[in-house]
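Here the structure is laid out as structure tokens; the discussion comes afterwards.
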Amino acid sequence: QRKVEWFMDRYVRARALYPNAKFHFVGHSHGTYLLAKALKEYPAVHFENVVFAGSVVQSSFQWENYLGNNDKKGQVVKILKYVATSDWVVAFFPGAFECLGW
């Protein structure tokens, strides 16, 4: 939670300095968790393009709640997820925790 607050502090400062800028996000491993948690807890967070590489976010994450469409402006415009088939840590541990219900 402390890292999510740290991330949001940086986000809010950047938004204040550049209010007309479009923000994009590229995250790997724990960085993907930070954004997913921020999206859930802070409805004002908005990123145009999001790229996840080696994501630890649960496969059941409800992206449809955060993506925009013709009817609503979402918190994320587009997302691209890369899956690393050789990254056994990212492949094993999040899946194991998901099976345990964590």
Side-chain angles (χ1 to χ4, degrees):
Q1 185 61 39
R2 189 178 50 195
K3 292 293 184 184
V4 174
E5 291 168 7
W6 169 88
F7 173 70
M8 287 305 302
D9 183 55
R10 293 332 181 258
Y11 176 83
V12 168
R13 287 182 194 197
R15 275 278 178 216
L17 288 171
Y18 309 101
N20 298 319
K22 291 184 178 181
F23 286 75
H24 307 278
F25 181 90
V26 177
H28 174 262
S29 191
H30 187 65
T32 63
Y33 169 81
L34 289 177
L35 180 63
K37 189 78 167 168
L39 290 171
K40 282 183 172 182
E41 295 183 2
Y42 301 92
V45 170
H46 179 80
F47 288 92
E48 293 290 314
N49 299 301
V50 170
V51 178
F52 275 12
S55 177
V56 296
V57 176
Q58 289 183 342
S59 59
S60 62
F61 188 77
Q62 302 289 315
W63 281 107
E64 60 274 8
N65 295 336
Y66 306 99
L67 290 169
N69 59 35
N70 294 336
D71 299 327
K72 69 170 185 149
K73 180 180 178 188
Q75 290 175 268
V76 174
V77 176
K78 294 179 185 174
I79 179 153
L80 176 62
K81 295 185 274 184
Y82 288 101
V83 178
T85 58
S86 298
D87 190 346
W88 67 270
V89 172
V90 171
F92 175 75
F93 285 107
F97 291 139
E98 198 170 319
C99 287
L100 294 172
W102 293 356

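None of the values given here were measured: they were computed from a predicted structure. Along the sequence shown, residues are numbered consecutively beginning with 1.
- R15 places no side-chain N or O within 3.5 Å of a backbone atom of N20 that could act as its donor or acceptor partner.
- Counting heavy atoms from C-beta on, the side chains of Y18 and R13 never come closer than 4.5 Å.
- For the pair Q75 (side chain) and Y42 (backbone), a donor-acceptor distance under 3.5 Å is present.
- Centroid-to-centroid, the aromatic rings of F61 and F52 stay 6.0 Å apart or farther.
- Residues satisfying the ring-ring contact (aromatic ring centres under 6.0 Å, His included) criterion with H30, sequence neighbours excluded, are Y33.
- No option in K78, H24, K22 other than H24 meets the side chain to side chain donor-acceptor pair (under 3.5 Å) test with N49.
- For the pair Y66 and V45, the minimum side-chain heavy-atom distance is 4.5 Å or more.
- Note that CZ of R10 and CG of L34 are 11.5 Å apart. Values are rounded to the nearest 0.5 Å.
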Trace of the side chain to side chain contact (heavy atoms under 4.5 Å, CB included) decision for W6 with Q1: CA-CA 9 Å; W6 169 88; Q1 185 61 39; over 6 Å; no
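- Between V50 and L80, every side-chain heavy-atom pair lies at or beyond the 4.5 Å cut-off.
- Contact of the M8 side chain with the E41 side chain is not registered, since no non-hydrogen atoms from C-beta on lie closer than 4.5 Å.
- Side chains of K3 and K37 form no contact here, defined as non-hydrogen atoms less than 4.5 Å apart.
- Hydrophobic clustering (side-chain heavy atoms under 4.5 Å, transitive across Ile, Leu, Val, Met, Phe, Trp, Tyr) groups V26 together with Y82.
- With hydrogens and angles disregarded, a donor-acceptor distance shorter than 3.5 Å links the side chain of T32 to the backbone of V56.
- A 4.5 Å side-chain heavy-atom check between H46 and V77 finds at least one atom pair inside the cut-off.
- Remark: F23 pairs with Y11 by the ring-ring contact (aromatic ring centres under 6.0 Å, His included) rule, at least two apart or across chains.
- Ring planes of F25 and F47: perpendicular class, angle over 60° (limits at 30 and 60°).
- The shortest heavy-atom contact between V57 and A36 is CG2-CB, 3.7 Å.
- Distance CD1/I79 to CG/L35: 7.5 Å, rounded to 0.5 Å.
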